[in-house]
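First listed ligand is number 1; within each ligand, the first listed atom is number 1. The structure displayed is predicted, hence computed values, not measured ones.
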Amino acid sequence: MTDSPTGEAAGYGSRDPDALARRAGARADPDRDQHFLVDDRVLDRIPGYLPADADGSHLLEIGGGAGALTDRLLAAATADSAADPGRVTVIERDGTFADFLREEFAAAVDGGLLDVVERDALDVDLPPFSACVANLPYGVSSEIAFRLLPEKKPLVLMFQAEFADRMVASAGESEYGRLSVSAQHYADVEVVERVPKEAFDPQPAVESAVVRCTPRDPDYVVGDEAFFLRFVKALFTQRRKTVRNAVRNTAHISGLDEPEAVVDAADEELLSSRPGTLDPAAFAALAELAREHGSPTEA
Ligand SMILES: C[S@@+](CC[C@H](N)C(=O)[O-])C[C@H]1O[C@@H](n2cnc3c(N)ncnc32)[C@H](O)[C@@H]1O
């Protein structure tokens with residue numbers, strides 16, 4: 001294992017996570033969403049979950065911490081061509097760890113391979129990136145995921161397992177909901193690895209999972225994406241009601257001025273079903289009907 005504070009390009013990818021945390025000189029604080037990955041085998045596998053044809057020329061990491069994953073991303077970025085390596089940008093909110101990353105990976109920073117951005121990932125303008133690989137801060141993982149998904153780039157993201165299961169669920173499954181439809185609107189999403197609590201220090205309260213998002217256009221058309229997402233959100237607030245009642249009861253969320261006109265125009269079988277049984281394409285068709293007949297106003 002390499003334990004040098006800076007290291008040459010050839011040394012990326014083998015830093016010991018415990019040694020990194022020791023050198024950083026500050027303990028990960030769970031109250032600041034800091035749960036560092038300390039299992040080398042998991043760390044080594046994560047970059048390999050990017051789709052085979054993903055463009056690795058500019059990898060984005062959100063939440064660098066003490067740099068164990070950053071080290072693996074630098075290895076992935078420099079693997080193909082030493083003459084024309086890819087780049088890594090890390091966004092890290094905590095100044096202590098941002099400073100440590102700049103120091104630990106000084107050679108990469110000086111060589112233009114690594115940029116450390118000390119900012120909150122929710123506020124910062126995202127840099128251009130070709131793919132994102134991150135062990136996300138769980139307190140804001142949903143907000144970050146829905147900043148990243150519309151960028152239509154390959155993503156490999158660590159989430160709480162329960163959140164990951166909701167992202168990938170299919171219509172009719174108990175975990176299926178607004179999160180599933182919204183995520184699957186942008187990408188094919190799949191859980192590629194479940195990660196036990198023991199892989200982290202300090203250990204989180206729950207299991208984690210790595211999700212791969214491979215961007216693609218949906219197999220349906222929506223004329224107004226913002227309205228589609230708002231309509232899905234509205235209907236899932238009434239997931240146990242019939243679609244008929246859900247459309248009627250949630251006009252204040254969906255923004256429909258004339259929900260009754262949507263009910264009049266929709267198919268009876270669809271109206272008697274429950275939101276949790278509609279696949280994304282059925283939601284899209286109903287949202288288009290709602291736009292046509294329900295006079296939606298801006299949220
Ligand atoms: C789960 S840790 C992952 C650390 C490291 N990548 C690893 O895998 O060991 C999440 C990291 O995100 C940082 N973080 C928390 N909230 C953030 C935010 N809003 N914007 C940017 N970074 C944040 C934390 O300081 C922490 O370093």
Side-chain angles (χ1 to χ4, degrees), residues 1 12-50 59-77 88-105 108 114-127 129 131-148 155-164 192-193 195-211:
M1 298 247 169
Y12 298 134
S14 57
R15 278 171 167 75
D16 173 16
D18 294 316
L20 280 168
R22 270 199 309 279
R23 285 204 291 279
R27 276 196 65 75
D29 178 357
D31 291 338
R32 308 178 102 190
D33 259 345
Q34 292 168 348
H35 298 276
F36 293 169
L37 258 173
V38 292
D39 186 324
D40 286 297
R41 294 159 305 173
V42 178
L43 283 160
D44 291 346
R45 281 194 290 268
I46 287 179
Y49 289 128
L50 279 170
L59 300 178
L60 173 66
E61 181 187 6
I62 297 194
L69 186 57
T70 314
D71 178 52
R72 272 63 181 180
L73 297 184
L74 283 167
V88 177
T89 295
V90 184
I91 299 172
E92 171 57 60
R93 183 179 61 175
D94 186 317
T96 301
F97 289 110
D99 284 346
F100 172 71
L101 291 169
R102 286 190 203 100
E103 196 181 306
E104 173 71 22
F105 299 103
L114 177 65
D115 193 14
V116 179
V117 178
E118 185 183 327
R119 287 289 301 276
D120 188 318
L122 298 181
D123 303 335
V124 69
D125 285 340
L126 291 178
F129 64 96
C132 177
V133 181
N135 172 20
L136 291 178
Y138 290 159
V140 288
S141 57
S142 177
E143 289 90 334
I144 293 176
F146 282 98
R147 286 203 76 188
L148 294 170
L155 313 173
V156 173
L157 304 174
M158 179 90 75
F159 294 100
Q160 293 189 340
E162 180 267 340
F163 186 90
V192 290
E193 178 167 348
V195 183
K197 303 175 204 178
E198 294 73 25
F200 300 86
D201 183 33
Q203 293 186 16
V206 293
E207 303 285 298
S208 300
V210 181
V211 172

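- K197 is listed as a side-chain neighbour of E207, based on a closest heavy-atom distance under 4.5 Å.
- Atoms of ligand 1 lying under 4.0 Å from any heavy atom of L136, numbered from 1 in the order shown and given with element: 1 (C).
- Polar contact with ligand 1: present for L37 (N/O pair, distance under 3.5 Å).
- Atom CG of L37 and atom CE of M158 lie 4.5 Å apart (nearest 0.5 Å).
- Among all protein heavy atoms, the one lying closest to atom 25 (O) of ligand 1 is E92 OE2, 2.7 Å.
- For atom 6 (N) of ligand 1, the nearest non-hydrogen atom from the set G63, S208, G65 comes from G63.
- Side chains of C132 and E61 form no contact here, defined as non-hydrogen atoms less than 4.5 Å apart.
- Atom 22 (N) of ligand 1 has its closest protein heavy atom at R93 N, 3.3 Å.
- Close to ligand 1: E61, with a non-hydrogen atom less than 4.0 angstrom away.
- Residue contact check: R32 has heavy atoms under 4.0 Å from atoms 15 (C), 24 (C) of ligand 1.
- Under a 4.0 Å heavy-atom criterion, D120 is in contact with ligand 1.
- Between L148 and L60, the closest side-chain pair of non-hydrogen atoms falls below 4.5 Å.
- The residue I144 has no part lying near ligand 1, judged by heavy-atom distances below 4.0 Å.
- When hydrogens are left out, the protein atom nearest atom 1 (C) of ligand 1 is H35 O, 3.2 Å; that is the closest non-hydrogen contact.
- Residues V133 and Y49 have side chains not in contact (no heavy-atom distance under 4.5 Å, counting atoms from C-beta outward).
- In this structure, F200 and Y138 have perpendicular ring planes: the angle between them is above 60°, well past the 30° mark.
- Here the CD-CG distance, from E104 to L114, works out to 11.0 Å after rounding to the nearest 0.5 Å.
- Checking only distances, D33 never comes within under 3.5 Å of ligand 1, N or O to N or O.
- The shortest contact between atom 8 (O) of ligand 1 and any protein heavy atom is with N135 ND2, 2.8 Å.
- Taking CZ of F129 as the start and CD1 of I62 as the end, the distance is 7.5 Å to the nearest 0.5 Å.
- Looking at heavy atoms from C-beta onward, R102 lies in side-chain contact with D99 at the 4.5 angstrom threshold.
- Counting only heavy atoms from C-beta outward, the side chains of P127 and I91 approach each other to under 4.5 Å.
- For atom 15 (C) of ligand 1, the closest non-hydrogen atom of the protein is P137 CB, 3.4 Å.
- The atoms of ligand 1 that sit less than 4.0 Å from any heavy atom of R119 are 20 (N), 21 (C).
- Near A121, the atoms of ligand 1 lying under 4.0 angstrom from a non-hydrogen atom of the residue are 18 (C), 19 (N), 20 (N), 21 (C).
- Each of the atoms 4 (C), 9 (O), 27 (O) of ligand 1 lies under 4.0 Å from some heavy atom of F36.
- Side-chain contact check for R32 versus D94: some heavy-atom pair is nearer than 4.5 Å.
- Under a 4.0 Å heavy-atom criterion, V38 is not in contact with ligand 1.
- Using a 4.0 Å heavy-atom cutoff, G64 is listed among the residues neighbouring ligand 1.
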